[in-house]
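A quick note: this is a predicted structure, and the numbers were derived from the prediction, not measured. Heavy-atom basis, side chains included; hydrogens, waters and symmetry copies ignored. Convention: sequence-line order gives letters A, B, ...; per-chain numbering from 1.
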Protein chains: 2
Amino acid sequence: VGEVKAQISVSADGFVAGPNQSEEHGLGEGGEALHEWAYKLRAFQEMHGREGGEENASTPILEEANKNVGAILMGRNMFGPVRGDWGDGSWRGWWGDEPPFHVPVFVLTHYPRDTLEMEGGTSFHFVTEGLQHGLELARDAAGEKDVAIGGGAQTIQQCLRGGHVDELLLNQVPLFLGGGERLFQDIPPEVELEQVEVIGAPGVAHLRYRVRA
Amino acid sequence: VGEVKAQISVSADGFVAGPNQSEEHGLGEGGEALHEWAYKLRAFQEMHGREGGEENASTPILEEANKNVGAILMGRNMFGPVRGDWGDGSWRGWWGDEPPFHVPVFVLTHYPRDTLEMEGGTSFHFVTEGLQHGLELARDAAGEKDVAIGGGAQTIQQCLRGGHVDELLLNQVPLFLGGGERLFQDIPPEVELEQVEVIGAPGVAHLRYRVRA
């Protein structure tokens with residue numbers, strides 16, 4: 001069976017989104033800069049059906065991270081800025097009609113909603129029975145492949161505390177956001193990391209860990 | 001003239017000391033583990049007049065960090081656990097009669113105290129006129145050499161915010177402390193980092209940045 005892998009871009013001061021997140025600024029003020037290293041890659045542009053971009057030391061990291069993913073688990077704040085119930089259901093994610101996932105995505109929420117079938121093989125499933133159940137559904141959907149934890153910070157924290165993560169990839173970006181959504185909060189020392197790879201690339205450092213809890 | 005360099009060991013969750021710092025546990029609960037990567041190096045043991053230890057990818061990092069240091073600036077919490085005035089003056093630092101610095105050390109404090117001349121060329125000077133003045137004294141003492149910011153977190157933060165740091169070396173250790181003294185707090189995005197070196201070594205990742213503010 002596959003593994004559970006989390007990967008996320010984080011600022012030098014430990015934030016995965018800047019202050020004042022909104023529908024207009026989904027990553028908060030300054031947060032877009034956390035993903036510049038990926039945007040400029042040809043591998044990223046291809047994933048999004050576009051041309052251009054470069055190859056550098058981040059290319060194999062990005063390709064490896066997306067290679068064997070059979071399902072994705074994410075928190076609802078990662079899916080969108082809507083809070084509370086889903087209203088008229090017009091919010092269908094940040095990613096347009098054809099999201100770049102191409103696998104089932106399980107969104108943790110307290111508010112039930114029918115599954116959204118998107119173009120290109122992505123489907124959004126809304127899980128109201130909690131993290132454990134969401135992980136089970138994602139594992140089943142992934143089969144022999146891996147489950148990727150898509151974020152955000154709270155979902156990654158929950159998964160780490162629960163001992164559900166096998167591999168953690170931090171893409172650490174050389175900038176200070178000064179505030180926003182903190183990646184690691186109250187992670188107990190019992191969650192152990194083994195550093196397995198450290199790669200410097202343009203505008204980012206990739207730190208890969210095995211996780212034991 | 002020399003530069004101002006800060007280097008510090010930090011946990012994956014961004015702490016430079018664990019919770020509940022005390023005279024017995026100067027680095028807080030679990031904090032000693034942040035320095036294991038250095039303790040096991042021959043270069044570190046030699047600095048402290050001892051034998052043994054290994055060589056690995058951290059060796060040139062540690063040697064480089066200590067090579068051209070002409071003076072050190074540190075906060076008083078780094079000098080010791082004493083708070084308030086200096087009492088009977090019996091506290092002479094964490095490092096015994098012959099501290100491993102061998103250069104003048106300027107300790108920022110609100111409480112005046114006479115200079116301590118230690119063995120091996122280390123002297124502790126107590127600066128009550130604030131960070132700027134402490135930096136000036138350290139620069140003067142360093143001459144052509146560099147000033148090292150010894151820590152702790154608050155002193156590094158002050159120096160970053162004030163635009164006083166030329167180079168920042170993070171020794172990022174794969175463990176969670178879960179709480180304690182946070183390295184980066186309220187560092188504004190105007191403090192810019194340029195990643196210049198990323199080195200993976202046993203039990204640590206070295207991330208070197210140039211700083212502009």
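With sequence neighbours excluded, the residues satisfying side chain to side chain contact (heavy atoms under 4.5 Å, CB included) with B:A141 are B:A71, B:P104, B:F106.
Residues A:V191 and B:F176 come closest through the heavy atom pair O-CD1, 3.3 Å. Taking each heavy atom of B:V198 and A:A205 in turn, the nearest pair found is CG2-CB, 3.9 Å. Annotation for A:L193 and B:L175: closest pair CD1-N, 4.1 Å, computed over non-hydrogen atoms.
Neither the backbone nor the side chain of A:V173 comes within contact range of chain B, judged by heavy atoms closer than 4.5 Å. Contact of A:A33 with chain B is not made at all, since no heavy-atom distance falls under 4.5 Å. Proximity to chain A (any heavy atom under 4.5 Å) is restricted, for B:L160, to the side chain, taken from C-beta onward.
Of the listed residues (A:L168, A:V204, A:V10, A:L207), the one with the most heavy-atom contacts under 4.5 Å to chain B is A:V204.
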Using only distance, no hydrogens or angles, which N or O donor-acceptor pairs sit under 3.5 Å between chain B and chain A?
{"from": "B:Q172", "atom 1": "OE1", "to": "A:Q172", "atom 2": "NE2", "distance (Å)": "3.0"}
{"from": "B:Q172", "atom 1": "NE2", "to": "A:Q172", "atom 2": "OE1", "distance (Å)": "3.0"}
{"from": "B:Q195", "atom 1": "OE1", "to": "A:A205", "atom 2": "N", "distance (Å)": "3.4"}
{"from": "B:Q195", "atom 1": "NE2", "to": "A:A201", "atom 2": "O", "distance (Å)": "3.1"}
{"from": "B:Q195", "atom 1": "NE2", "to": "A:V204", "atom 2": "O", "distance (Å)": "2.9"}
{"from": "B:A201", "atom 1": "O", "to": "A:Q195", "atom 2": "NE2", "distance (Å)": "3.1"}
{"from": "B:V204", "atom 1": "O", "to": "A:Q195", "atom 2": "NE2", "distance (Å)": "2.9"}
{"from": "B:A205", "atom 1": "N", "to": "A:Q195", "atom 2": "OE1", "distance (Å)": "3.4"}

